[in-house]
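Nothing here was measured: the structure is a model prediction, and the numbers come from that model. Note that ligands are numbered from 1 as they come in the structure, with each ligand's atoms numbered from 1 the same way.
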Amino acid sequence: MDTFVQDTQTKHTVANFVGGRFEVPAVDTFLDVPNPANGEVLARVPLSGQGEVDRAVQSAKAAFESWRSVPAVERARYLFRYRDLLEQHKEELAVLVTRENGKNLDDARGEVRRGIEVVEFACGIPTLMMGNTLPDVSRNIDSELFRYPLGVVAGITPFNFPCMVPMWLYPIAIACGNTFVLKPSERTPLSAQRQAELLVEAGLPDGVFNVVNGAKEVVDGILDHLDIRAVSFVGSAPVARYVYERAAARGKRVQALAGAKNHHIVLRDAPLDKVIPIVIASAFGNAGERCLAGSVVLVESAIADEFLVRLTEAARSLPVGDGMDPATELGPVIREEHRQRIMGYIEQGIAEGAKLVLDGRTVQSPDGKGYFLGATIFDEVKPEMVIAREEIFGPVLSVMRVDSLEEAIAIANRSQYGNAAVLYTNNGRAVRVFRETIQAGMLGVNVGVPAPMAFFPFSGWKGSFFGDLHATGRDGVEFYTHKKVITTRWLE
Ligand code: NAD
């Protein structure tokens with residue numbers, strides 16, 4: 001099935017997916033979707049409005065009436081079929097991610113794999129949705145808890161994991177018996193289209209999964225729609241706060257996963273030959289466009305000079321290029337405007353007095369068309385500097401020197417964010433102090449990108465998360481279900 005409708009200007013147009021049908025909405029505005037590696041326009045995406053949101057919600061609402069009573073075992077079977085299709089198409093999906101997002105093919109393959117793992121988790125829904133019982137809560141009285149789907153739920157997702165982040169959400173939501181409306185990033189809408197096609201192939205009933213393409217107007221349409229019961233958002237902190245407040249004000253359940261500023265602490269006992277490649281992959285993989293990217297390194301002063309020399313040397317030699325080239329380690333950033341924004345932060349770091357030891361601005365794309373930026377490293381960064389506090393979301397790493405683990409943790413804990421934190425050491429006591437006192441939800445010990453697997457919650461803290469129940473794992477099941485407790489007296 002081809003969802004890219006050829007238009008008169010020969011560009012492909014991404015379609016919405018509503019009630020089991022692909023359709024290009026009758027709207028006036030379309031955005032180009034360029035390949036960040038070379039600027040080639042891959043497609044154009046419609047900016048839908050509230051009318052398109054309502055159509056998708058009505059289709060999801062109608063589908064909910066029958067989907068809710070499909071037995072959990074049968075709902076799981078659709079997901080088993082879908083999982084097989086994802087496996088068959090995993091390479092094609094990875095190529096699509098690289099083309100629309102820019103990350104290198106290995107990272108894209110990892111992203112697809114992580115998405116498939118959520119589908120595998122959701123296949124266990126008959127067990128996951130089980131309730132609890134307690135006989136004899138009092139004499140001749142039993143209590144039982146049952147779990148039910150909420151109804152129509154929605155997901156709003158970012159550009160940086162166009163395949164995986166939607167898959168954090170809808171497989172669990174629909175496995176629980178909900179129906180779903182997805183609003184993918186307008187900068188990377190192609191992966192979601194392909195997922196819709198594969199769900200059709202898996203035989204998912206019409207209206208259970210819907211996609212509405214667009215930007216803020218679609219988001220507002222979702223937040224305000226009275227028939228949407230819950231909203232999952234993944235994206236930047238200001239938008240996460242906005243989504244959380246506006247959707248909650250309309251009585252919806254909300255989980256809003258937000259931005260980050262992740263601190264990595266390198267202690268003097270850590271073997272640098274092992275640590276440097278891990279730090280490099282965390283800071284510069286996906287061009288730094290990860291919510292789990294390392295962006296501040298706090299290194300013990302005793303080893304700081306050696307660490308910096310070796311780090312800079314390794315970062316300087318990272319091959320920059322099109323993610324489709326197997327040699328590429330550092331692909332482009334998402335758009336030219338984003339590249340300019342990152343360069344603005346580099347200028348600000350220099351102006352604030354940080355020492356620029358590696359300047360990625362000197363890297364140019366071969367034909368001048370892609371949005372490339374080389375690895376950039378600052379030394380002598382102070383906690384109060386803007387580059388130490390704000391999410392840059394690009395290949396820029398700030399290094400600070402500290403005298404102890406406690407000092408490093410104190411600096412990290414002052415951050416407004418608390419998504420991830422990483423400690424490099426083999427010292428057990430230090431690991432324990434780190435685990436007990438760091439204020440972040442996803443911790444790594446000698447692991448640079450500590451992404452929880454599908455059966456654990458993706459659990460940012462502080463300004464990195466708005467809500468109560470996180471995405472994936474049991475939290476995902478709790479978020480997409482509500483409960484009834486029945487108390488029964490057995491009359492003599
Ligand atoms: P973004 O906030 O710009 O966009 C996310 C979604 O919100 C998109 O679908 C977009 O269309 C919509 N949106 C954008 N501006 C809006 C507005 N003013 N009003 C309403 N909706 C709006 O984020 P992005 O640039 O696509 O993604 C990068 C951000 O996502 C980073 O901050 C990153 O840390 C964060 N992120 C967080 C996690 C996590 O798990 N915490 C995971 C991935 C990405």
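For the side chain to side chain contact (heavy atoms under 4.5 Å, CB included) with Thr376, the qualifying choice from Leu358, Val357, Ile392, Leu356 is Leu356, the only one to do so. Tested against His470 for a ring-ring contact (aromatic ring centres under 6.0 Å, His included), the candidates Phe458, Phe479, Phe465 yield a single pass: Phe465.
Which parts of ligand 1 touch Leu257 is read off a 4.0 Å heavy-atom cut-off, strictly below it: atoms 39 (C), 40 (O), 41 (N). Residue Lys183 has at least one heavy-atom neighbour below 4.0 Å for each of these atoms of ligand 1: 8 (C), 9 (O), 10 (C), 11 (O). Contact atoms of ligand 1 toward Glu391: 31 (C), 32 (O), 33 (C), 34 (O) (distance under 4.0 Å to a heavy atom of the residue). Each of the following atoms of ligand 1 lies closer than 4.0 Å to a heavy atom of Trp168: 40 (O). Of all the atoms in ligand 1, the ones that sit under 4.0 Å from a non-hydrogen atom of Phe458 are 40 (O). Every atom of ligand 1 with a heavy atom of Asn419 under 4.0 Å away is listed here by number and element: 41 (N). For ligand 1, the atoms sitting less than 4.0 Å from at least one non-hydrogen atom of Phe233 are 2 (O), 5 (C), 6 (C), 7 (O), numbered in the order shown with element in parentheses. Which parts of ligand 1 touch Ile156 is read off a 4.0 Å heavy-atom cut-off, strictly below it: atoms 6 (C), 7 (O), 9 (O).
For Phe393, every heavy-atom contact with ligand 1 shorter than 4.0 Å involves the side chain, none the backbone. With a 4.0 Å heavy-atom cut-off, ligand 1 is reached by no atom of Ala471. At a heavy-atom distance under 4.0 Å, no atom of Arg290 approaches ligand 1. Counting heavy atoms closer than 4.0 Å to ligand 1, residue Thr157 contributes backbone atoms (N, CA, C, O) but none from C-beta onward. At a 4.0 Å heavy-atom cut-off, ligand 1 does not touch Val218 at all.
Within the structure, no pair that satisfies the salt bridge (Lys or Arg N to Asp or Glu O under 4.0 Å) test touches residues 439-463, not counting sequence neighbours.
The six-membered or imidazole ring of Phe22 lies near that of Phe17, with a centre-to-centre distance under 6.0 Å. The aromatic ring centres of His338 and Tyr371 sit 6.0 Å or more apart. For Tyr170 and Phe209, the distance between ring centers is under 6.0 angstrom.
Between Cys176 and Ile125 the shortest heavy-atom distance is SG-CD1, 3.8 Å. Residues Asn213 and Val14 share a closest heavy-atom pair of ND2-CG1, 3.7 Å. In terms of heavy atoms, Glu391 sits closest to Arg341 at O-NH2, 4.1 Å.
Shortest contact from atom 13 (N) of ligand 1 to any protein heavy atom: Val239 CG1, 3.9 Å. For atom 39 (C) of ligand 1, the nearest non-hydrogen atom of the protein is Cys291 SG, 3.4 Å. Among all non-hydrogen protein atoms, the one lying nearest atom 18 (N) of ligand 1 is Lys216 CD, 4.0 Å.
In this structure, Phe393 CZ and Ile342 CD1 are separated by 9.5 Å, a value rounded to the nearest 0.5 Å.
Ligand 1 is never approached by Glu289 to a heavy-atom distance shorter than 4.0 Å.
Not a single N or O atom of Asn160, backbone or side chain, sits closer than 3.5 Å to an N or O atom of ligand 1. Between Phe159 and ligand 1, a contact under 3.5 Å exists for at least one N or O pair. Checked against a 3.5 angstrom limit, the closest N/O atoms of Ala258 and ligand 1 fall inside it. In terms of polar-atom proximity, Glu186 is counted as a contact of ligand 1, with an N or O under 3.5 Å from an N or O of the ligand.
If you check the side chains of Tyr244 and Lys252, you find no donor sitting under 3.5 Å from an acceptor. For the residue pair Thr328 / Asp322, no side-chain donor-acceptor distance below 3.5 Å is found, with atom types taken as modelled.
Which of Gly235, Gly441, Ser236 comes nearest to atom 2 (O) of ligand 1 through a heavy atom is settled by distance: it is Ser236.
Counting only heavy atoms, the protein gets under 4.0 Å from atom 21 (N) of ligand 1.
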Please list, one pair per line, the donor and acceptor atoms closer than 3.5 Å that link side chains of residues 289-298 to other protein atoms, with sequence neighbours excluded.
unit_1: Glu289; atom_1: OE2; unit_2: Ile334; atom_2: N; d: 3.0
unit_1: Arg290; atom_1: NH1; unit_2: Ala281; atom_2: O; d: 3.1
unit_1: Ser295; atom_1: OG; unit_2: Asn262; atom_2: N; d: 3.3

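Other residues, nucleotides and ligands place more than 12 heavy atoms under 6.0 Å from the CZ atom of Arg435.
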